[in-house]
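Notes follow the structure.
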There are 2 protein chains.
Amino acid sequence: MNHETATTAVRANETLHARIKAQILQKIIGGTWKPGYRLPVETDLARDHGVSRMTMNKVLTQLSSEGYLVRRKKSGTFVAQPRSQSAVLEITAIADEVAALGQSYRWELIEQNLRCLSGPERAGFGLPEDGAGPWLALRGLHFAADTPFCLETRVINPSTCPKAVDQDFGPEPPGSWLLRTVPWTSATHTVRAVGAGTDEAGFLVLRKNTPCLEILRETRTSDSWVTRVRLVYPGGVHQLFAQFGPQLTPAQASK
Amino acid sequence: MNHETATTAVRANETLHARIKAQILQKIIGGTWKPGYRLPVETDLARDHGVSRMTMNKVLTQLSSEGYLVRRKKSGTFVAQPRSQSAVLEITAIADEVAALGQSYRWELIEQNLRCLSGPERAGFGLPEDGAGPWLALRGLHFAADTPFCLETRVINPSTCPKAVDQDFGPEPPGSWLLRTVPWTSATHTVRAVGAGTDEAGFLVLRKNTPCLEILRETRTSDSWVTRVRLVYPGGVHQLFAQFGPQLTPAQASK
DNA sequence: GCCAAGATAATGTATGTACATTAAATGGCG
DNA sequence: CGCCATTTAATGTACATACATTATCTTGGC
């Protein structure tokens, strides 16, 4: 039955549903199927991939429980809207964050340039010394109720996100724009406590050396990075929040 | 076939495998089945619960992918070891953390008392004013290579963990002891940047007001809290690290 | 032209069966 | 006694089938 089209014949030895899951996931994170897109019905997908409905069901159920798809009876199966940024660590798009506090939000662009970075700048983003193409450098301030709330310093990789170069980030901050524009991403966060430097203190209206939370986030698509951002929050004001059950990474059981 | 024993007849209307999953999970988080315990084989469990092997397989597969169980072919199915603390946010048991850096580790107990807390102390743990039973109050320092690395301030709820009262936390820090002792837990983390207070600065050998990461963690079993701990790390030294794909909390798909 | 009742099309759940995979247990042979 | 081949007991995967559930669509009555 399963007649293996030429394209799928490549990677063998994984399980059947794992392979199919990967194919579908590729369409989602690659942006071929955009958020909201309704995919073919289960039975058709099963037929197209040459598997039984049960197997396709397993794939779709998994993708749904992982948050890539949303399924509704009778209506069909849809590509999910990107969850702002990790439901786990509640670092939401900053505008949402402020809105959640019931305060008015404003964004102010400070710099937008396609340029190379200085050594210290590169170090601040954890970027290597070598791959030094010109990048889109951005900086801006987020205000809540007219008080500066977060200083954002960002680079965008123009080779993975060329559209960003022509975009004007005056009206809309790059975070939410990227969220809308770039398909699916995974992110890495690093959190530290730092004292406000001279310019941070200036922008955030703090005394120098006030403790601040620094969040460094690297966002990637499949294999190259899209953007790196450093967010500096006045320490006491902001807090991260995370909740866990025992989950992920199956532990070793003793014999 | 499914003759519904008196005990299981209680909660109806959930799906079959959800109910069975809940029953098994209860044995795990309740501690009836301890970490490392080998559970009956799939076919027996299926028979005992009056369902098909496939259904039981679904339950066990899910619990395994959620990290409660570990399954090995031929060997059987085992209750997983509690994953130190959230594989997600890599806040591991502190000794592991230091070991990962390849440094020698030492723990030094400062205080261990069954007593009531002062108002400010309670506030520091985010505890309410009312429920003010006497608690086990602990404080101690973690050293890496003979440098103080983290100041730990903790309360343990004696009503959920009575054994802790008689335990001597001189040799072993309470974090890892609890990890071994208390069955399964979920945790809530709050992260802030603070300036070192007078006593923190003293213990950690810092100048007052040095930026520090403060991690407040509340650990719970099913419905009451077990312990609350405040960990204060010198800012630059420590960093949290978290990696995400899009996951959890299925998003709404547009129609 | 509106509303309600029923049909329908999609996903959701459960079962039975078959065979694959793997690592432990076993047994025989040197 | 120890090693290697074989058996076997457990989980892992895939398929076919049946029926349940539910939101949408359709149809018929007024």
Side-chain angles (χ1 to χ4, degrees), chain A residues 1-4 8 11-24 36-80 250-255, chain B residues 1-4 8 11-24 36-80 250-255:
Chain A
M1 189 189 216
N2 181 358
H3 53 72
E4 286 283 341
T8 60
R11 62 173 96 173
N13 99 348
E14 289 170 357
T15 68
L16 192 46
H17 69 258
R19 239 179 312 155
I20 294 172
K21 185 177 166 184
Q23 289 176 29
I24 291 185
Y37 171 78
R38 174 181 165 168
L39 23 170
V41 301
E42 200 173 88
T43 50
D44 290 0
L45 281 173
R47 188 176 31 71
D48 295 350
H49 288 83
V51 298
S52 77
R53 193 197 139 205
M54 282 301 291
T55 304
M56 186 51 75
N57 183 288
K58 188 169 196 172
V59 170
L60 296 177
T61 303
Q62 279 186 20
L63 286 172
S64 155
S65 83
E66 288 169 17
Y68 293 100
L69 296 177
V70 172
R71 312 195 77 195
R72 284 205 297 271
K73 293 186 195 189
K74 171 71 187 184
S75 308
T77 304
F78 303 85
V79 175
Q252 285 285 52
S254 67
K255 178 177 177 176
Chain B
M1 187 189 220
N2 182 358
H3 54 73
E4 286 282 341
T8 60
R11 60 171 101 176
N13 100 350
E14 289 170 357
T15 69
L16 193 46
H17 68 260
R19 238 179 314 155
I20 294 172
K21 185 176 166 186
Q23 288 175 31
I24 292 185
Y37 172 77
R38 175 182 164 168
L39 22 171
V41 300
E42 199 173 271
T43 48
D44 289 0
L45 280 173
R47 185 174 35 71
D48 295 349
H49 288 84
V51 298
S52 77
R53 192 197 141 207
M54 283 300 292
T55 303
M56 187 51 75
N57 183 287
K58 189 169 196 173
V59 170
L60 296 176
T61 304
Q62 279 185 20
L63 286 172
S64 155
S65 83
E66 289 169 17
Y68 293 100
L69 295 177
V70 173
R71 312 194 77 196
R72 282 205 298 271
K73 292 183 195 189
K74 172 71 188 179
S75 308
T77 305
F78 303 85
V79 175
Q252 285 285 50
S254 66
K255 178 175 174 177

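Owing to the predicted nature of the structure, the values given are computational and were not obtained by experimental measurement. Chain A is the first sequence line, chain B the second, and so forth, proteins listed ahead of strands; every chain is numbered from 1.
For A:T55, a side-chain nitrogen or oxygen approaches OP1 or OP2 of D:dC15 to under 4.0 Å. When the side-chain nitrogen and oxygen atoms of B:H17 are compared with OP1 and OP2 of C:dA14, one or more of them lie within a distance under 4.0 Å.
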Grab the N/O contacts between the protein and nucleotides 7-11 of chain D below 3.5 Å, and write none if there aren't any.
{"unit_1": "D:dA9", "atom_1": "O4'", "unit_2": "B:K74", "atom_2": "NZ", "d": "2.9"}
{"unit_1": "D:dT11", "atom_1": "OP1", "unit_2": "B:E42", "atom_2": "N", "d": "3.3"}
{"unit_1": "D:dT11", "atom_1": "OP1", "unit_2": "B:T77", "atom_2": "OG1", "d": "3.3"}
{"unit_1": "D:dT11", "atom_1": "OP2", "unit_2": "B:E42", "atom_2": "N", "d": "3.1"}

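Spacing between atom CZ of A:R47 and atom C1' of D:dA16 amounts to 17 Å, rounded to whole angstrom units. When rounded to the nearest whole Å, the span between CD of A:Q62 and C1' of D:dG12 equals 13 Å. The distance from atom NZ of B:K58 to atom P of C:dA14 is 7 Å, rounded to the nearest whole Å. As a whole-Å value, the separation of B:M56 CE from C:dT13 C1' is 15 Å. Distance B:M54 CE to C:dC19 C1': 13 Å, rounded to the nearest Å.
Here the side chain of B:S52 is nearest to one of C:dA14, C:dT15, D:dT13, namely C:dT15.
Put simply, the side chain of A:M54 does not reach to within 4.5 Å of the side chain of B:M54, judged on heavy atoms.
Residues A:V59 and A:K21 share a closest heavy-atom pair of CG1-CA, 3.7 Å. The shortest non-hydrogen separation linking A:A46 to A:S52 is CB-O, 3.8 Å. Taking all atoms of both residues into account, the shortest heavy-atom contact from A:V79 to A:L69 is CA-CD2, 3.9 Å.
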*asked:* Please evaluate residues B:M56 and B:I24 with respect to the criterion side chain to side chain contact (heavy atoms under 4.5 Å, CB included), reporting the C-alpha separation (whole Å), side-chain torsions for both, the decisive distance (0.1 Å), and the verdict.
replied: CA-CA 11 Å; B:M56 187 51 75; B:I24 292 185; 4.2 Å; yes

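Checking side-chain atoms of B:R38 against main-chain N and O of B:S75 turns up a donor-acceptor pair under 3.5 Å.
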